[in-house]
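Working notes, beginning with the structure itself.
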2 protein chains.
Amino acid sequence: MTSTKERILNTSLALFNREGERNVTTNHIAEALGISPGNLYYHFRNKGTIVAALFERYSQNLLALLEAPQGPLTWTIKTHYFEGLLASMWQYRFFHRDLTHFLHADPALAARYQAFVEVVLERGLVIYGELRSSGIIAVDDEQLQGLMVNTWVLMSSWAALVHGLRPDAAADEALDESLMRHGIYQIICLEEPFLRGEAREHLEEMKARYRAVDTTSALLLGHVPGLDRTGSE
Amino acid sequence: MTSTKERILNTSLALFNREGERNVTTNHIAEALGISPGNLYYHFRNKGTIVAALFERYSQNLLALLEAPQGPLTWTIKTHYFEGLLASMWQYRFFHRDLTHFLHADPALAARYQAFVEVVLERGLVIYGELRSSGIIAVDDEQLQGLMVNTWVLMSSWAALVHGLRPDAAADEALDESLMRHGIYQIICLEEPFLRGEAREHLEEMKARYRAVDTTSALLLGHVPGLDRTGSE
DNA sequence: TGACTCCTAGAGTAATTACTCTAAAAATCA
DNA sequence: TGATTTTTAGAGTAATTACTCTAGGAGTCA
């Protein structure tokens with residue numbers, strides 16, 4: 001039996017992801033839960049604290065994943081690992097979508113977020129470093145940093161990007177899944193030129209695994225059948 | 001003498017970029033211009049049409065740049081070219097920042113945006129294709145597409161990303177400039193492994209050109225001096 | 001001068017929305 | 001059981017904000 005506080009967070013998250021935080025009012029959240037606004041405000045001082053609490057869950061979630069001991073690291077394992085990361089980020093996708101507004105509205109949150117990103121990048125560098133030590137990727141330090149930053153850009157923007165191009169996706173779970181896989185595929189594209197040894201062998205297999213298989217997810221390149229541009233000028 | 005309509009667009013753009021569209025009210029725009037709200041609504045039916053008009057300017061701007069005939073394409077020229085693109089996008093950075101909300105609120109705009117991205121990607125593929133024909137980059141078709149998508153992700157997300165990590169940047173023109181150069185640098189990192197011939201020769205020179213030179217723009221990796229994390233829990 | 005159109009002012013409104021307040025149910029504890 | 005604390009309801013409010021409406025200036029053309 002989850003507490004009211006938890007239930008508020010869960011519904012808020014669902015609504016935020018689906019509608020965008022801006023379009024979800026506190027009254028709306030309360031209504032969706034079947035509780036009163038007053039009750040909601042008993043548990044959360046204001047809307048911002050809900051967002052902040054969700055960020056806390058998100059960042060803890062992600063950092064925990066990043067801290068997890070890896071054992072010997074292969075590229076295949078690493079890619080599955082990234083899949084988990086992206087899935088976590090996808091769960092809280094509203095956050096990166098409206099990020100700028102949240103940070104603008106709450107300086108304390110901005111500071112937390114900054115620190116969070118720093119840790120993520122540090123930890124990411126360690127992981128890529130291990131891949132390099134294992135001879136799986138061949139990069140110099142500079143390339144490693146460039147790769148890391150680009151990976152983070154991709155991961156943190158992917159959900160928003162997808163949502164911008166396929167607003168309908170929010171409604172369709174299967175589509176979500178497929179679009180997330182495309183995200184992984186793009187990360188593989190990022191790394192591909194640096195891959196060596198074991199990774200090179202598995203490259204095609206992995207690409208095939210994450211490539212947009214069904215026509216529905218040809219989102220960015222390729223013209224999606226059955227989704228003609230609606231509306232016009 | 002610019003018309004009132006133009007002036008409204010210009011001030012709106014400036015305010016949107018600085019404060020975020022969500023934090024800029026129509027009254028606020030009118031006040032900044034020294035005109036009455038009524039006057040503003042004489043020229044624009046509602047706030048959304050201002051955003052839509054700005055998108056029109058933005059997309060025309062970018063598409064014009066993309067259509068411009070190139071002549072023989074070298075990697076150096078192409079990079080300067082991308083610098084121009086990114087500068088244009090930077091000018092209208094509020095748009096990609098609050099993109100999801102705009103598209104959610106205005107389906108017609110969403111359709112326009114979708115078509116816009118398609119053209120951008122097509123044209124981008126042509127450019128990369130020319131680079132390949134000239135022997136400047138060595139990629140197969142699949143890699144080309146992957147590269148293109150990643151370039152677009154980077155370009156369209158960079159402003160928002162930077163803004164999230166350095167909210168103060170909006171106030172500082174010199175910093176803006178420096179952060180934008182970092183964006184180009186990241187694109188170079190994206191392309192680096194594929195570069196051949198002329199491009200390889202100029203690689204270090206170009207990297208040095210766009211690398212974060214001053215300490216202030218070590219934004220993502222590297223700990224910014226003089227910008228200690230403010231606030232905490 | 002007068003008529004007509006374009007532009008502007010600014011007070012005002014309707015609706016939204018984050019948030020408050022009081023009081024009562026429910027749970028906990030003596 | 002009664003006392004105390006936690007949780008809930010729900011009506012209500014203050015503030016914001018996108019937008020309207022009327023009336024009047026300013027330019028243009030006869």
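Computed from a predicted model, the values in this text were never measured in an experiment.
Nucleotide dT8(C) holds its C1' atom 13 Å from the CG atom of Leu33(B), rounded to whole Å. Rounded to whole Å, atom P of dT6(D) lies 13 Å from atom NZ of Lys5(A). Atom CD1 in Ile29(B) sits roughly 12 Å away from atom C1' in dT17(D) (whole-Å rounding). dA9(C) atom P lies 10 Å from atom CD1 of Ile8(B), rounded to whole Å. dC19(D) atom C1' lies 9 Å from atom CG of Asn46(B), rounded to whole Å. Distance CG (Asn23(A)) to C1' (dT17(C)): 13 Å, rounded to an integer number of Å. Separating the CD atom of Glu31(B) from the C1' atom of dT16(D) is a distance of 14 Å, rounded to the nearest angstrom. Spacing between atom CG of Leu40(B) and atom C1' of dC7(C) amounts to 13 Å, rounded to whole angstrom units.
Among the heavy atoms of the strands lying under 4.0 Å from Asn27(B) is at least one base atom, whether or not backbone atoms are also near. At the heavy-atom level, His28(B) lies nowhere under 4.0 Å from the strands shown. Using a 4.0 Å heavy-atom criterion, one finds that Gly34(A) contacts the sugar-phosphate atoms exclusively.
Out of dC6(C), dA18(D), dA9(C), the shortest distance to the side chain of Ile35(B) is found at dA9(C). Comparing dT8(C), dA18(C), dT8(D) by their nearest atom to the side chain of Tyr41(A) picks out dA18(C). Of the candidates dC19(D), dA9(D), dC6(C), the closest approach to any side-chain atom of Ser36(A) belongs to dA9(D). Of the candidates dC19(C), dT7(D), dA18(D), dA18(D) carries the atom nearest the Lys47(B) side chain, counting heavy atoms from C-beta on. Checking dT8(D), dA9(C), dC7(C) against the side-chain heavy atoms of Asn39(B) singles out dA9(C) as nearest. Taking every side-chain heavy atom of Pro37(A) into account, dC19(C) is the closest of dT20(D), dC19(C), dA9(C).
Residues Arg112(B) and Glu56(B) are paired through a salt bridge, judged by an N-O separation under 4.0 Å between the basic side chain and the carboxylate.
Between Arg22(A) and Gly38(A), the residue anchored closer to the 5' end of DNA chain C is Arg22(A), taking for each the nucleotide with the nearest heavy atom.
Geometrically, Lys78(B) engages Phe82(B) in a cation-pi contact defined by less than 6.0 Å to the ring centre and at most 45° from the axis.
Comparing the start and finish of the helix from dT1(C)-dA30(D) to dA30(C)-dT1(D), five pairs each, the helix axis swings through 0°, to the nearest 10 degrees.
Taking CD1 from Ile187(B) and CD from Glu83(B), the interatomic distance works out to 10.5 Å, rounded to the nearest 0.5 Å. Between Arg22(B) atom CZ and Arg22(A) atom CZ the span is 5.5 Å, to the nearest 0.5 Å.
A sub-4.0 Å separation between OP1 or OP2 of dC6(C) and a side-chain N or O of His43(B) is absent. Distances shorter than 4.0 Å separate none of the side-chain N or O atoms of Thr25(A) from OP1 or OP2 on dT16(C). For dC19(C), neither phosphate oxygen OP1 nor OP2 lies less than 4.0 angstrom from any side-chain nitrogen or oxygen of Thr26(A).
Between Phe95(A) and Phe102(A), the two ring planes are parallel [angle under 30°; tilted spans 30° to 60°]. Ring-plane geometry between Tyr113(B) and His96(B) is classed as perpendicular, the angle between the planes exceeding 60 degrees on a 0 to 90 degree scale with a lower cut at 30.
When each of Val149(B), Leu190(B), Leu161(B), Ile184(B) is checked for a side chain to side chain contact (heavy atoms under 4.5 Å, CB included) with Leu154(B), only Leu190(B) meets the rule.
For Thr4(B) and Tyr42(B), the side-chain atoms include no donor-acceptor pair closer than 3.5 Å.
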